[in-house]
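Please read the structure below before turning to the comments.
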Amino acid sequence: MTARQAVLRLAHRYRPRSTAAVVGPVLVGLLALCIVVSGVLLHREAVDNWKQDLSKLSLLLAENTAQSMTAARLVLDSVSNDIQAAAPADAAALAAAVGTPATHQMLRHKIGGVPQVDVVSIVGSDASVLTFSRAYPAPPIRLDERDYFEYHRRHPDGGMHLSAPVQNKGNGAWTFYISRRISGPDGSFLGVVLVGLSCDFFSKFFQNASIGEHTAFSLYRSDYTLLARWPAVPAMMGKRNLTGSTYRLLEQGKTHGVLQVDLPRAAEQWRTVGRLAGIRLVRDYPLAINVTVTDEVYLAGWRRMLRTMGGAAVVSLLGLGLAIALIMALLRRQERDAAMALALQARAEAAYAAMAVMRQEVHAPIACMAAHVPEPEIAPPSASASAPAPTLAPGARILLVEDTALNRQLVCLQLAACGYRIDTAENGALGLQALAEQQYDLVLMDCMMPVMDGYQACQALRARETASGAARLPVIALTAGVTEDDRQRCVAAGMDDYLSKPFTATQLRAMVERWLTR
């Protein structure tokens, strides 16, 4: 047997087509495995990024809550010190001392610049309101069923008490109270000083800090009691959130009220109910801030990426299937050519044998024609180019010029879910430098900044555009002013639109989308 014949027989025996039939599914399996692994890694990255964002946002809210509580506590301390300095000997002396128009005006003056404080009241030992800041004289109101009254009556050295929220008997609004005991010279219980904090104030503050729907903000007391929430759920107000293993707020000591929270465990337990949480304690107070988002928010980007990967996988599988089909067709043709070559070789060997017999019988020279066996042409397998995975168009690039770090972080969080790329600058001069180095689609410009304000920066930008012949870049003013003079000044400086502070995430996104789609 010749070497060529042996090669042809070997190729026909091992049938490469069966090898291709095995390799194809293996490649498909590897592609599916890569997609699954990539999806898991992207999911982990999305969750980690949102955890960091929620941690930053909850820190900002906790710090602002601490500042609001401190301002209210200063009012409480000031009123308590003034009353204790008068040294009332008994309940009757206290009632006579505070039940005057001068005391009423003093209370109104102390809460004049503290918007979170709704009312200041002085309650006697019989639980009746002696005077309060809302009206003079005080109406006949008794508070003996309130938790703070019973607490101070039983605890001479109890310090400041933080109550559960109740509906105020004066105006019906949800209010929670911080309070201190009024004691006589002999330590007897004479009454209570109350400072009422508006739950609605904190709810509106949470609303302004919201980063979109499906986001919830809650303010809890140490015993899980809900003090304020956005979006508001009146049925939950004053109720203890005893889904219990949600998170644990533990009191250490009976006078300090210091809280400890197992934050990683708490956040993980929120994830089991389809929400991602950022939990933060409020410094110096037995309070905690909880910011939660649903998976519709924190997994939105991951799901978009997963759909993109799925589309790319479908295209890749179609390309791989086409490539395997072409290879199989080529292998089938190669097998047919190999079989034909073997048949021709067998016929040629039979012809040679017959001619040898004839020469032996007739002893005559016989011209022998060699049979020419054409070699089959084997076309090289064509490479099937996989279609590239479709990619999302990059988001618009926005420059935020704002001197306050808190405002910069809040705007970035409010726009992050939309896929925009956001750069920041701390004043107008740095903003102009950034505009000279990078091309942007939109500028969000604060009006009042050090070094160079927003009006000067916009005028310089328009002068630069006029000199260079560049296209007009949209500039949106972020201003705390809402008067007609403020608007005219923005227009005169060359700004295209304005957004008054404070603004919500919905208002900001609507303004940005309107100018980016023009």
Side-chain angles (χ1 to χ4, degrees), residues 61-84 98 106-124 127 129-134 141 143-171 173-183 189-203 205 218-229 237-238 249 251 253-259 281-289:
L61 297 179
E63 183 60 28
N64 277 274
T65 301
Q67 294 175 7
S68 298
M69 293 296 298
T70 298
R73 189 189 66 191
L74 291 175
V75 172
L76 175 66
D77 293 343
S78 176
V79 174
S80 299
N81 292 336
D82 288 349
I83 294 175
Q84 291 292 165
V98 302
M106 180 268 290
L107 297 180
R108 290 181 59 85
H109 173 72
K110 287 185 181 294
I111 66 173
V114 190
Q116 64 270 32
V117 175
D118 181 62
V119 65
V120 179
S121 305
I122 300 175
V123 181
V129 176
L130 303 178
T131 186
F132 72 160
S133 59
R134 189 171 289 122
I141 299 175
L143 303 174
D144 43 357
E145 81 280 9
R146 299 302 198 201
D147 59 351
Y148 47 78
F149 183 81
E150 184 65 20
Y151 175 83
H152 288 298
R153 190 175 66 85
R154 293 179 176 273
H155 298 84
D157 300 321
M160 188 188 77
H161 179 264
L162 178 66
S163 78
V166 294
Q167 288 184 284
N168 188 287
K169 291 188 176 183
N171 59 9
W174 281 100
T175 309
F176 65 94
Y177 296 88
I178 55 176
S179 56
R180 288 193 186 280
R181 174 187 170 114
I182 303 174
S183 299
F189 176 61
L190 300 183
V192 178
V193 178
L194 300 177
V195 173
L197 290 97
S198 169
C199 298
D200 189 54
F201 171 85
F202 291 95
S203 297
F205 173 67
S218 303
L219 175 63
Y220 288 102
R221 197 174 67 168
S222 60
D223 61 350
Y224 315 98
T225 300
L226 180 66
L227 302 181
R229 189 182 191 275
M237 291 297 297
L249 298 173
E251 290 187 348
K254 297 184 178 180
T255 58
H256 301 291
V258 179
L259 298 180
L281 300 180
V282 178
R283 61 178 174 84
D284 301 330
Y285 297 94
L287 299 170
I289 294 287

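Numbering starts at 1 and runs along the sequence shown.
For the atom pair L281 CG and D284 CG, the distance stands at 11.5 Å (nearest 0.5 Å). Atom CE of M69 and atom CG of L197 lie 5.5 Å apart (nearest 0.5 Å). Distance check: I122 CD1 to S80 OG gives 8.5 Å after rounding to the nearest 0.5 Å. Summarising the geometry, atom CZ belonging to F132 is positioned 5.0 Å from atom CD1 belonging to I141; distances are rounded to the nearest 0.5 Å. Taken from OG in S179 to CZ in R146, the straight-line distance is 12.0 Å, to the nearest 0.5 Å. Of the inter-residue distances, the one linking M237 atom CE with T225 atom OG1 reads 10.5 Å to the nearest 0.5 angstrom.
Taking the six-membered ring for Trp and the full ring otherwise, the centers of F176 and Y148 sit at least 6.0 Å from each other.
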* To do: Give the intermediate values and the outcome of salt bridge (charged side-chain N to carboxylate O under 4.0 Å, His left out) for residues D157 and R181.
  => CA-CA 8 Å; D157 300 321; R181 174 187 170 114; over 6 Å; no
* Go through the steps for L143 and L194 under the test side-chain contact (heavy atoms from CB on, under 4.5 Å), then give the verdict. => CA-CA 11 Å; L143 303 174; L194 300 177; 3.9 Å; yes
* Asked: Given the rule in the side-chain contact (heavy atoms from CB on, under 4.5 Å) test, do F202 and L227 qualify, once you have shown the distances and angles that lead to the verdict?
  -> CA-CA 9 Å; F202 291 95; L227 302 181; over 6 Å; no
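A donor and an acceptor atom, one from each side chain of D118 and Y177, are nowhere located under 3.5 Å apart. Residues Y285 and T70 have side chains that bring a donor and an acceptor to within less than 3.5 angstrom of each other.
Nearest heavy-atom pair, G113 versus P115, reported as atom, atom and distance to 0.1 Å: O-CD, 3.5 Å. In this structure, P286 and L162 approach most closely via the heavy-atom pair CG-CD2, 4.0 Å. The two residues R221 and A164 come nearest to each other via the heavy atoms NH1-N, 3.0 Å. R180 and G159 get closest at one heavy-atom pair: NH1-C, 3.8 Å. For the pair V117 and A72, the tightest heavy-atom approach, listed with the atom from each and the gap, is CG2-CB, 3.9 Å. In plain terms, the two heavy atoms of A71 and V114 that are nearest each other are CB-CG1, 4.2 Å.
Counting heavy atoms from C-beta outward, V129 and R134 have side chains that stay 4.5 Å or more apart. Inter-residue side-chain proximity for M160 and L76 is flagged as met; some heavy-atom pair is nearer than 4.5 Å. Counting only heavy atoms from C-beta outward, the side chains of S218 and L226 approach each other to under 4.5 Å.
Ion pairing of R154 with E150 is present here, as a side-chain N (NZ or NE/NH1/NH2) and a carboxylate O approach within less than 4.0 Å. Taking the charged nitrogens against the carboxylate oxygens, R153 and D147 have no contact shorter than 4.0 Å, which rules out a salt bridge.
Side chain of Q116 to main chain of S68: a donor-acceptor pair is present (N/O by atom type, distance under 3.5 Å, no hydrogens or angles). In this structure, the side chain of T175 does not engage the main chain of S198 through any donor-acceptor pair within 3.5 Å. In this structure, S203 contributes its side chain and C199 its backbone to a donor-acceptor pair below 3.5 Å.
No more than 12 heavy-atom neighbours from other residues, nucleotides or ligands sit within 6.0 angstrom of CZ on R108.
For the side chain to side chain contact (heavy atoms under 4.5 Å, CB included) criterion with V98, the lone passing option out of I182, D82, L130 is L130.
Among residues two or more places apart in sequence or in another chain, the side-chain contact (heavy atoms from CB on, under 4.5 Å) test is passed with Q167 by W174.
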